[in-house]
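We number each residue from 1, following the sequence as shown. Owing to the predicted nature of the structure, the values given are computational and were not obtained by experimental measurement.
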Amino acid sequence: ASVSTQSTGYPFLCVIMFFDLFSKNNVGSPSPWTRTLILSISVAIIGSSFQFGFQTGCMANTLATVSNASHLDLGKTTQTIVVSGNAIGGLVGGLAAGPIADKIGRKKLMLINNIPVLVGTVLMAAAMNPAFKYFFVFGRIVLGIASGVATGVAPMYISEISPVSIKGAVGVSHQFMITFGILVGFVLSMSKVLTSFPDYWHVYFALPVLPALYQLVLLPFCPESPNWLYFNREREDLSREALTRLRNSRELANIELEEMIKERTTATDSVMVSFKQLFTDRTLRLTLIIGVALQGAQQLSGVNAILNYGPSILKDAGLSNTDLATGLLAGINVLMTFISVPLMDLLGRRTLMLIGQGFMILSYVGLAVAQKLHAEHREDSSYSWTSGVSVVTVITFIIFFAIGPGSIPWLIIGELFTAEARAKSEQYLCGC
């Protein structure tokens, strides 16, 4: 089956092709960006990565609206569960993504993952009925499961279908679409937008249906991961066929397949790495520890608190226009993800991680001091500068998170692990 990308993949070409400017292609060599590759990447990051980003950012400005809805009347405990529902479900989905992707394939898992997306949105929409108000909480958790699976399988798929020359840049496109999803969630949940249809705010939470439908319609036209076909299914013929479609060249497909055969021969005697080998093999164990440390640094950085409670933090700091501030934060997050692409090759992954973590620590210290002083001297006009410091430190945090801990952990999974160990290691790393 085939489908023209003129009206499907190309609207997103301007986003994806940006990363090619910083990829390490040889001058004069054929462009790695084939129509099939563009379509496959766009379907994966829009239908999966965007979903994760939207679910991360959709509650920042809507929590007050949802909490004050007369038919819901959510208490503080329930509000906390609503906000953390994405993470609760994400843990389950993230841990399940690797084994399922190994069993049924990356492509099929992405297709099936749209089922919890549709179920979750229906549950949250049904919460408009007072008798089903807790459906909102359940729907949020179900969407969290879908987000966990999406963030586990999407970077794996786009890494495995991409040629080596652009693998790093393509890996960042996953993080870019996450930040873009957060931006859309922030912008569409601004008070001026939501108050224009106060009785229909549930429609806002049904927006994930659109990228889900986009993926459901177009993903069947995309090839399965050649790595999965060769390493898991042991189907060299199907792997060659998928590579030929992705590279638009039988010759390039044969060359890449030969590299996969060499990797399998030298890496391990078994077809796939077992869970036991991840911990008993010294090289795999060290690699897993590095991956867990990087993912832990990302998730324990507190970025979810900044994204979910950004409006509250800035409001407590005395800022009146929190909509503008949170929109600015999301926009900076997207912009700095772009900028991180050339910086990765210029400075290296390790340097960017260290720089990012260092400035994030300084930003947190500045924010804590500013908010402490503002709380103690709220009526003293001589301390009005604390509001500005709070805004600046939050922005600084987002900038250095985006260029380091935000992008690098997702990218490093594909670079650290062999194809045989990638899915199983992904299970632990996504669980972080």
Side-chain angles (χ1 to χ4, degrees), residues 13 16-42 44-45 49 101 106-107 153-176 222-232 236 238-268 273 283-284 287 290-291 294 340-350 352 407-423 425-426 429:
L13 180 62
I16 299 175
M17 289 293 284
F18 168 84
F19 300 105
D20 190 33
L21 296 175
F22 307 100
S23 62
K24 297 179 179 179
N25 289 325
N26 295 322
V27 177
S29 62
S31 173
W33 296 100
T34 64
R35 289 188 175 190
T36 303
L37 180 63
I38 293 169
L39 175 65
S40 301
I41 295 173
S42 70
I45 64 176
S49 309
R106 286 57 161 143
K107 176 181 169 181
V153 70
M156 190 191 310
Y157 176 74
I158 64 176
S159 174
E160 291 178 350
I161 66 174
S162 302
V164 176
S165 61
I166 59 171
K167 197 177 290 288
V170 169
V172 179
S173 69
H174 166 69
Q175 177 64 17
F176 164 79
C222 302
E224 177 57 270
S225 161
N227 291 58
W228 181 79
L229 291 170
Y230 177 73
F231 289 103
N232 294 71
E236 185 176 323
L238 295 180
S239 180
R240 180 180 285 106
E241 180 183 338
L243 282 169
T244 301
R245 290 181 60 193
L246 288 165
R247 307 294 176 258
N248 197 27
S249 168
R250 189 76 170 183
E251 181 182 356
L252 292 176
N254 288 332
I255 293 173
E256 199 161 328
L257 187 59
E258 286 298 321
E259 291 298 321
M260 291 166 60
I261 294 173
K262 290 179 182 178
E263 180 182 349
R264 175 177 168 180
T265 303
T266 58
T268 178
V273 171
T283 301
L284 291 175
T287 306
I290 293 173
L294 290 174
S340 70
V341 178
L343 289 178
M344 283 185 186
D345 286 335
L346 182 65
L347 300 177
R349 279 69 158 146
R350 178 174 177 271
L352 276 186
S407 301
I408 292 174
W410 300 115
L411 171 63
I412 214 72
I413 295 174
E415 295 182 335
L416 285 177
F417 296 97
T418 61
E420 297 95 334
R422 190 172 294 128
S425 61
E426 185 98 10
L429 299 183

Participant: Could you pull out the closest heavy-atom pair between K107 and C222, with the gap in Å?
Facilitator: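 Where K107 meets C222 most closely, the heavy atoms are NZ-O, 2.6 Å.
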Participant: Quick one, I166 and W33 - any side-chain contact, counting heavy atoms below 4.5 Å?
Facilitator: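 The answer is yes; the side chains approach within 4.5 Å.
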Participant: Please report the interatomic distance CD(E160) to CG(N227), rounded to the nearest 0.5 Å.
Facilitator: 4.5 Å
Participant: What are the two closest heavy atoms between S162 and E256, and how far apart are they?
Facilitator: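 Heavy-atom minimum between the residues: O-OE2, 4.3 Å.
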Participant: Shortest non-hydrogen contact from Y157 to S225?
Facilitator: CE1-N, 3.9 Å
Participant: Can you name the closest pair of heavy atoms from R245 and T34 and give their distance?
Facilitator: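 Minimum heavy-atom contact is O-OG1, 4.2 Å.
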Participant: To the nearest 0.5 Å, what is the distance between OG1 (T244) and CG (N254)?
Facilitator: 6.5 Å
Participant: Looking at CD1 of I41 and OG1 of T36, how far apart are the two atoms once the value is rounded to the nearest 0.5 Å?
Facilitator: 11.0 Å
Participant: How long is the straight-line distance from CD of E224 back to CD1 of I161, given to the nearest 0.5 Å?
Facilitator: 10.0 Å
Participant: CG/L257 to CZ/R250 distance, rounded to the nearest 0.5 angstrom?
Facilitator: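 If we round to the nearest 0.5 Å, L257:CG and R250:CZ are 9.5 Å apart.
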Participant: Between M260 and S239, what is the shortest heavy-atom contact and its length?
Facilitator: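 Result for this residue pair: CE-OG, 3.7 Å.
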Participant: Could you tell me if the side chain of R35 sits less than 4.5 Å from the side chain of N248, heavy atoms only?
Facilitator: no
Participant: Rounded to the nearest 0.5 Å, what separates atom OG in S159 from atom CZ in R106?
Facilitator: 10.0 Å
Participant: So, are K262 and E258 salt-bridged, with charged N and O less than 4.0 Å apart?
Facilitator: no
Participant: Can you name the closest pair of heavy atoms from I158 and S173 and give their distance?
Facilitator: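 The pair with the smallest heavy-atom distance is CD1-OG, 3.9 Å.
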